[in-house]
Amino acid sequence: MQTEYKLSGAAFLELRRQLESRGIVFSYCGYLNENILTGIGNALQSKMAIDHTDQKISRGIFSTFVEQVQNVIRYSAETIGPEELEKLEQETPLVEGREINDLDDGELRYGLITIGELPDGKRFVTCANLIKNENVKRISESLESIRGLNRKELTALMREHLKAGPPEGSKGAGVGFISIAREANGNWEYDMVPMDDGEFTFFCLEAYF
Amino acid sequence: MEKFDIAATARTPHMSFDPDTGSFLLEGESYPEDTKKFYDAPLSSVYEFLDTELTLSAVFSFKLKYFNSSSAKVLMDLFVAVEESAQRGNLFKIEWHCAADDDNMQELGEEFAEELDKTEFAMVAF
């Protein structure tokens, strides 16, 4: 027997209030792709322009937002699409003129992104996604290695890494974390919450402005 | 080695190059959906130009308001290639334009310029 579902406006309002109580102004939880990035990014820029947010702060927030969302799109372990896409790639002979990447747009990766303001006026950009347990050590070490570095040091480090080229398995320049830490002038935190399944970890990264 | 002029979009910069006058321009914001796809084809023309062994002169102008880390990689590779070509005798100049109050962009330009020796570098405020 199926339980009858009834919409509860009160419960939904409660969800909104929970977000507001944490100072969250923008939130997205679900499958992300580049179009979502563009859309939320535009709204975020408009909101900051309307609020007359300091130019330097709004540039830092926007830049961090882009890097965070692109991290989810590239690396979240919770994804739909790739198996189906891989199968298609193998089965379909490459049609002339079509690049393999053309199908990648169909891939979706799950993540959370929130942007808001703390009671003391400090703004935050937080992003979270599942990662495989086997990657926890690598990501933690990579973040620990840049902890405490200031903007100038991070800028120099970014150049070194860009020059050296991306590490194996990277789909970008391999400097996303350095770039976020740099924009936030070293004011950032991260946390890892192991999931019950023993396979995944909930990885959160927050930058302050 | 073809001349090109690509208009800006919301996420990609205005990019132009003319091998006859030796002028390259990258202007606006750069956080493409697919960085490789956006830059690879047009920049191959610029790289071909940089490979030329004649004594050429050229000005590479960057007027960026924002770029993401994948684009930073493209810029770094280009700076390195320009410098390598300059070391072979080509007369190159890189102009890094940024808003007078934008220390972020200024710092990034200065950092990239660390790669340069034979290439003339100028920071230009707008």
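In what follows, chains carry the letters A, B, and so on, assigned in the order in which the sequence lines appear, proteins first and then strands, with residues in each chain numbered from 1.
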| Spacing of Leu154(A) atom CG and Glu111(B) atom CD [to the nearest 0.5 Å] | 10.5 Å

| request: Quick one: pull up CD in Glu160(A) and CE in Met76(B) and give me the separation to the nearest 0.5 Å. | output: 9.5 Å

Heavy-atom proximity to chain B below 4.5 Å, by part of [X]:
X	value
Gln45(A)	side chain
Ser179(A)	side chain
Lys163(A)	both

If you count the non-hydrogen atoms of other residues, nucleotides and ligands that lie under 6.0 Å from [atom1] in [X], is the total more than 12?
X	atom1	answer
Arg16(A)	CZ	no
Arg22(A)	CZ	no
Glu2(B)	CD	no
Asp120(A)	CG	yes
Phe12(A)	CZ	no

| request: Find out whether Arg159(A) and Glu114(B) are in side-chain contact, i.e. whether some heavy atom of one side chain is under 4.5 Å from a heavy atom of the other. | output: yes

| said: Does anything in residues 100-110 of chain B reach chain A? List residues with heavy atoms under 4.5 Å apart, or say none. | reply: Asp101(B), Asp102(B), Asp103(B), Asn104(B), Glu107(B), Leu108(B)

| said: Suppose we screen for ring-ring contact (aromatic ring centres under 6.0 Å, His included). Which residues come up paired with Tyr31(B), at least two apart in sequence or across chains? | reply: Phe62(A), Tyr66(B)

| said: For Arg182(A) and Ser69(B), which I'm curious about, is there any donor-acceptor pair between the side chains at under 3.5 Å? | reply: no

| request: Considering non-hydrogen atoms only, spot the tightest contact between Pro32(B) and Gln70(A) and give its length. | output: O-NE2, 3.7 Å

